[in-house]
Visitor: 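Structure in structure tokens, see below.
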Amino acid sequence: MPKESKKTETPTPETEEEALGTLEALSADRRKKRDVLREAGIDPYPTRFDRTATAGALHAEHDGLDADVRTGQIAKMAGRLTSLRGHGKLVFVTLSDVTGSIQLLIQESNRSDQAAKVLEALDLGDWIGAEGEVITSRRGELSLDVTELWLLSKSLRPLPDKWHGLTDTDARYRQREVDLLANPESRKVFDIRFKAIAALRALMQEEDFVEVETPILQPQAGGALARPFFTHGNALDIELSLRIAPELYLKRLVVGGYERVFEIARNFRNEGVDTRHSPEFTALEAYRAFGDYNDGMDLVERMVVEAAKASTGKLTFTIGERELDLTPSWPRRQLLDWVEELVGQRLHPNDPVEKVRGVCKEFDVDFLPEWGSGKLIFEIYDTILLPTITNPVFVCGFPVEVSPLARHTAEDPTLADRFELCIDAKEFANGYSELNIPEEQVERFSGEAAAAAKGDEEAHPADLAFVRALEFGLPPTSGIGLGVDRLIMLLSEVEAIRDVILFPMMRPEATH
RNA sequence: GCGCCUCUAGCUCAAUGGCAGAGCAACGGACUCUUAAUCCGCAGGUUUCGGGUUCGAAUCCCGAGGGGCGCACCA
């Protein structure tokens, strides 16, 4: 037989013995243990298990007991076997469930015959069920004195190192399930994530916002300035974009009479991947009739503070070397005032473009020739002002030129009633008094079309269905968008957006 | 897209041009209070892949692939 073709065959018993310790052998060994149970008439994949207690509940009830105490309470528990320490006739096992972990104490003198057989077949990582009396060990650890033991499902693959866990970032992202079961810190990040999102929902409901769902597949992606993903709809034979923001549809719902709506929206932007950007990310957008952008700031501040308290119980965070304090209330500063402090002269969207370009050159801010003064000022904000920000601050009053969907201020038609919430040198939220004057919206879209004609790939496309909706009347409305992933990064004190996304976008795997 | 770094046993890491190693996990054994248990024994490798230089390559060179970081774009 040619040597090359041997690889693809399933391993024969001989090769298993030869290669004891390889992945195939480790897996074969676990399979064999499972099959031994089957032969003994024990089902290694029972269809259900009725547990009577969780680790968390038992700890809550019994922590603080003296050592060597028997409670008389019988509990049935289920979870993953995460540690096993044998002492001959006595075996200690750590069983981990969703609430925490508890020690199983398995004594030869107390366990059933079936429990003995199951114990013999166990490996790290197996799902198990156990029944026994709740006791404390001689060292005082709360334990189950096991009489019955069940295998609930076998892990046919070995777990990562119990002490170091899984550190390879590639493997952690691609096999998040392994990351979660092996690395408690990783699990903690996602616990924070989903608690924070639940808290945001609760707050929005308390404020009488209705949670809605708007299209992800859209004939034309709008509501933000970004490059979309495209796909094809077979039924209608049309090109579709994945949404870059839910904004336009949410405002149409306000036109329709939903005075307070929000959506926790997965958005898709066909752009770069780095520590703070993911092509697929989550934003919470909310729209409230009869409010303006000041109401938006109030709301955002409450959202972030509530999410922080609910998920972590604190308001101060350490990311790398940076200390951040979210204690309200946060300063609200005018963009133009702040820029003036930084560059030493007053800039305004009405200024001749040459003047603003001069400042850009002086401060090494890159720009494109087609940009107007408003966009240039925004760029100065983005590249030299934003990086100086640590604690939360609302930056207010952005140029209309970079805010095609926002109302201009009462005093100045070149500035928008718009804010951005900045924390730790990143934009966390954006909000404004919504532009609700149809003719003006049409004008803004024309301006964007002109930019697109000059080659701006991220110009906002004119959305005539949206304009038609505005013609039915959008009440004065306050809109906000909060970057949920970035909020979670802050709350869980991690530096990479991929650490807060369960399954971040990766190149397909070559092998499994 | 460009630059830099990285890839060794299932996992975590050594070996800097000279016999591919350790810890954990596994396997065999001892042990009724451990908790990164301990002790004895045993096994586990196409050093990501493909070329090249060399008496000799995990190591140096070229190319490919995966991943990370920085820049650019963006929130």
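Quick caveat, the model's predicted, so the values are computed rather than measured. Just so we're on the same page: letters track the sequence lines, and every chain starts at 1.
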Visitor: Rounded to whole Å, how long is the line connecting atom OH of A:Y432 with atom P of B:A75?
Guide: 11 Å

Visitor: In a check of salt bridge (charged side-chain N to carboxylate O under 4.0 Å, His left out) between A:D126 and each of A:R34, A:K154, A:K33, which one passes?
Guide: A:K154

Visitor: Any idea which of B:G66, B:A26, B:C33 is nearest the A:S137 side chain?
Guide: B:C33

Visitor: Test side-chain contact (heavy atoms from CB on, under 4.5 Å) on A:R333 and A:V395 and set out the steps.
Guide: CA-CA 5 Å; A:R333 301 207 52 192; A:V395 181; 5.8 Å; no

Visitor: Counting C-beta onward and ignoring hydrogens, is there a side-chain heavy-atom pair between A:R193 and A:V484 closer than 4.5 Å?
Guide: yes

Visitor: Please set out all donor-acceptor pairs under 3.5 angstrom arising from side-chain atoms of residues 374-386 of chain A, sequence neighbours excluded.
Guide:
from   : atom 1 : to     : atom 2 : distance (Å)
A:Y381 : OH     : A:E420 : OE1    : 2.5
A:T383 : OG1    : A:E379 : O      : 2.8

Visitor: Quantified in whole Å, what is the C1' atom distance between nucleotide B:G1 and nucleotide B:G44?
Guide: 43 Å

Visitor: Determine the Euclidean distance between corresponding C1' atoms of B:A64 and B:A75; express it in Å to zero decimal places.
Guide: 34 Å

Visitor: Compare the minimum distances between each of B:C33, B:A75, B:G67 and the side chain of A:R174, then state the nucleotide with the smallest one.
Guide: B:G67

Visitor: Kindly write out the residues that satisfy side-chain hydrogen bond (donor to acceptor under 3.5 Å, both in side chains) with A:H87, not counting sequence neighbours, or none if the list is empty.
Guide: none

Visitor: Is it true that A:E448 and A:R444 make a salt bridge, defined as a side-chain N closer than 4.0 Å to a carboxylate O?
Guide: no

Visitor: Give a yes or no on whether a salt bridge exists between A:E493 and A:K188, defined as a side-chain N under 4.0 angstrom from a carboxylate O.
Guide: no

Visitor: A:L65 CG to B:C33 P: how many Å, rounded?
Guide: 21 Å

Visitor: Please classify the nucleic acid contact of A:E420 as base, sugar-phosphate, or nothing, using heavy-atom distances under 4.0 Å.
Guide: nothing

Visitor: Could you list the donor-acceptor pairs under 3.5 angstrom formed between side-chain atoms of residues 360-370 of chain A and any protein atom two or more places apart in sequence or on another chain?
Guide:
none

Visitor: Looking at A:K33, I'd like to know whether one of its side-chain N or O atoms comes within less than 4.0 Å of OP1 or OP2 on B:C27.
Guide: yes

Visitor: How far does the P atom of B:U6 sit from the matching atom of B:C60, given to the nearest Å?
Guide: 9 Å

Visitor: Listed by chain and number, what are the salt bridge (charged side-chain N to carboxylate O under 4.0 Å, His left out) partners of A:K426, not counting sequence neighbours?
Guide: A:D424

Visitor: Between B:C11 atom P and A:R157 atom CZ, what is the distance in whole Å?
Guide: 10 Å

Visitor: Should the pair A:R276-A:D485 be classified as a salt bridge under the 4.0 Å nitrogen-to-oxygen rule?
Guide: no

Visitor: Nearest heavy atom decides the nucleotide; on that basis, is A:D68 or A:A496 closer to the 5' end of RNA chain B?
Guide: A:D68

Visitor: Could you run through RNA chain B and flag its stems, i.e. three or more consecutive Watson-Crick or G-U pairs with both distances under 3.5 Å?
Guide: B:1-7 with B:65-71, B:10-13 with B:21-24, B:27-30 with B:38-41, B:48-52 with B:60-64

Visitor: Should A:D35 and A:R31 count as an ion pair when the cut-off is N to O under 4.0 Å?
Guide: no

Visitor: At under 4.0 Å between heavy atoms, what does A:F428 touch on the DNA or RNA strands: base, sugar-phosphate, or nothing?
Guide: nothing

Visitor: I'd like the P distance from B:G3 over to B:U48, given in whole Å.
Guide: 23 Å

Visitor: Give me the distance, rounded to whole Å, that separates B:C42 from B:G28 when you measure between the C1' atoms they each carry.
Guide: 7 Å

Visitor: What's the closest nucleotide to the A:E427 side chain, out of B:G67, B:A75, B:G44?
Guide: B:A75

Visitor: A:Y287 and A:E247: side-chain contact (heavy atoms from CB on, under 4.5 Å), yes or no, with the steps?
Guide: CA-CA 9 Å; A:Y287 293 82; A:E247 172 158 356; 3.1 Å; yes

Visitor: Could you go through nucleotides 21-24 of chain B and list every protein N or O atom that sits under 3.5 Å from one of its N or O atoms, giving the distance for each pair?
Guide:
from  : atom 1 : to     : atom 2 : distance (Å)
B:G23 : N2     : A:D161 : OD2    : 2.7

Visitor: Using the C1' atom on both, measure B:G67 against B:C33 and round to a whole Å.
Guide: 44 Å

Visitor: Taking only the side-chain heavy atoms of A:T167 (C-beta and beyond), determine which of B:A26, B:G44, B:C13 contains the nearest atom.
Guide: B:C13

Visitor: How far, in whole Å, is B:G17 from B:A58 if one measures between their C1' atoms?
Guide: 11 Å

Visitor: Tell me every residue that passes ring pair (Phe, Tyr, Trp, His ring centres under 6.0 Å) with A:W330, counting only those two or more places apart in sequence or in another chain.
Guide: A:F394

Visitor: Can you tell me how far P of B:A25 sits from CG of A:L23, to the nearest Å?
Guide: 17 Å

Visitor: Using nucleotides 71-73 of chain B, report all nitrogen or oxygen pairs with the protein that are shorter than 3.5 Å.
Guide:
from  : atom 1 : to     : atom 2 : distance (Å)
B:C73 : N4     : A:D274 : OD2    : 3.3

Visitor: Return the value, rounded to whole Å, for the distance between atom CG of A:L181 and atom C1' of B:A25.
Guide: 14 Å

Visitor: Taking RNA chain B as the partner, which of residues 499-507 of chain A come within under 4.0 angstrom of it by heavy atom?
Guide: A:M506, A:R507

Visitor: Would you please test A:L405 and A:L248 for side-chain contact (heavy atoms from CB on, under 4.5 Å) and show each step?
Guide: CA-CA 9 Å; A:L405 302 166; A:L248 302 185; 4.0 Å; yes

Visitor: Need one value for A:L225: base, sugar-phosphate or nothing, where a base atom within 4.0 Å counts as base even if backbone is also close, heavy atoms only.
Guide: sugar-phosphate

Visitor: Could you state the atom-to-atom distance from CZ of A:F398 to C1' of B:A75 in whole Å?
Guide: 12 Å

Visitor: Check RNA chain B against residues 81-119 of chain A and give the residues with a non-hydrogen atom under 4.0 Å, in numerical order.
Guide: A:S83, A:R85, A:G86, A:H87, A:G88, A:K89, A:L90, A:F92, A:Q103, A:L105, A:Q107, A:S109

Visitor: Applying side-chain contact (heavy atoms from CB on, under 4.5 Å), run through A:L166 and A:N183 and close with a yes or a no.
Guide: CA-CA 7 Å; A:L166 190 67; A:N183 298 329; 3.8 Å; yes

Visitor: Rounding to an integer number of Å, can you tell me how far A:I423 CD1 sits from B:A75 P?
Guide: 17 Å

Visitor: Tell me, please, which residues at least two apart from A:F268 pass ring pair (Phe, Tyr, Trp, His ring centres under 6.0 Å).
Guide: none

Visitor: Could you walk me through whether A:R332 and A:D298 satisfy the salt bridge (charged side-chain N to carboxylate O under 4.0 Å, His left out) test, starting with their C-alpha distance in whole Å, then the side-chain angles of each, then the deciding distance to 0.1 Å, before giving a yes or no?
Guide: CA-CA 11 Å; A:R332 302 179 179 188; A:D298 293 343; 2.6 Å; yes

Visitor: When rounded to the nearest Å, what value does the distance between C1' atoms of B:A9 and B:A14 take?
Guide: 13 Å

Visitor: From the set B:G10, B:A75, B:C33, return the single nucleotide nearest to any side-chain atom of A:I497.
Guide: B:A75

Visitor: Per the salt bridge (Lys or Arg N to Asp or Glu O under 4.0 Å) rule, what does the pair list look like for residues 264-274 of chain A, sequence neighbours excluded?
Guide: A:R266-A:E280

Visitor: Which nucleotide in the set B:A75, B:G67, B:U12 lies at the smallest distance from any side-chain heavy atom of A:T169?
Guide: B:G67

Visitor: Give a yes or no on whether a salt bridge exists between A:R176 and A:D179, defined as a side-chain N under 4.0 angstrom from a carboxylate O.
Guide: yes

Visitor: What integer distance in Å separates A:L26:CG from B:A26:P?
Guide: 9 Å

